[in-house]
Structure formats: structure tokens, C-alpha cells
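Starting from 1, each residue takes its place in the sequence as its number. What you see is a predicted model; the values in this text were computed from it and never measured.
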Amino acid sequence: MARERIRPGGLYIADNVLWHGKVAGEDPADPKPGSTKAIREHNRLISTDPEFDAFINPTRDGVIVARRKMA
């Protein structure tokens, strides 16, 4: 939903994208059903979007930083 609100050169930043390391596991125990799957999908969507350069900073529970490319 935020994608179209970010102008070229703007940043998208989200916290807790590593979900206590559960997003990296094969079959994680999900403390809130569906949460791990949703966070994985969020991370996949932003990291594969050709309009953004993105990386995950693994500090604490993970922060994803994505910059919308200039047109």
C-alpha cells in the first residue's frame, strides 16, 4: 500500500523483518499464526521490486531499508 506513496529517491523503512530469525527457518513455530508467512512475503515483495534498491540491516530484529529508484 505504501509503494505508490514513495516518490523517486524516497525511502521505505520497516522494522522487525527478521521476526526473531523465524523468517530464515524451514518450518518455524509461528507465535502468531500467519505472521511469519506475511513477513516473508513483505520482504520478498520489496526486495524483488525493480523500482527499489533494498537491503536488510540485521541489527536486533532486522530493519529493511529500500530506496525508490530515480525515474
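If you take NE2 on H20 and OG1 on T36, they are separated by 9.5 Å, rounding to the nearest 0.5 Å. Interatomic distance, CE of M70 versus CG of D53, reported as 12.0 Å (0.5 Å rounding). A distance of 10.0 Å separates CG in D49 from CZ in R44, rounded to the nearest 0.5 Å.
Pairing each heavy atom of T59 with each of N57, the nearest pair is OG1-OD1, 2.6 Å. Contact between S47 and A54 at its shortest, heavy atoms only, is CA-CB, 4.4 Å. The two residues L18 and V23 make their nearest non-hydrogen contact at O-CG2, 3.4 Å.
Side-chain N or O atoms of K69 include one that pairs as donor or acceptor with a backbone N or O of P50 at under 3.5 Å.
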Dump the intermediate steps for side-chain contact (heavy atoms from CB on, under 4.5 Å) on I64 and F55, then the final yes or no. CA-CA 6 Å; I64 195 165; F55 73 94; over 6 Å; no

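Applying the side chain to side chain contact (heavy atoms under 4.5 Å, CB included) rule to S35 yields the partners W19, D30, K32; only residues at least two apart in sequence or on another chain are considered. Listed by chain and number, the residues in a side chain to side chain donor-acceptor pair (under 3.5 Å) with D61 amount to none (sequence neighbours excluded).
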List the atom pairs, with distances to 0.1 Å, where a side-chain N or O of residues 9-16 and a protein N or O form a donor-acceptor pair under 3.5 Å, not counting sequence neighbours.
residue, atom, partner, partner atom, Å
Y12, OH, H42, NE2, 2.7

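Linking ILVMFWY side-chain heavy atoms closer than 4.5 Å, directly or via other members, places F52 and V63 in two distinct hydrophobic clusters. In this structure, I56 is a member of the same hydrophobic cluster as I39, with clusters built from ILVMFWY side-chain heavy atoms closer than 4.5 Å.
Within 6.0 Å of NZ in K37 there are 12 or fewer heavy atoms belonging to other residues, nucleotides or ligands.
Ionic pairing of E51 and R68 is present here: one or more N-O contacts between side-chain nitrogen and carboxylate oxygen are shorter than 4.0 angstrom.
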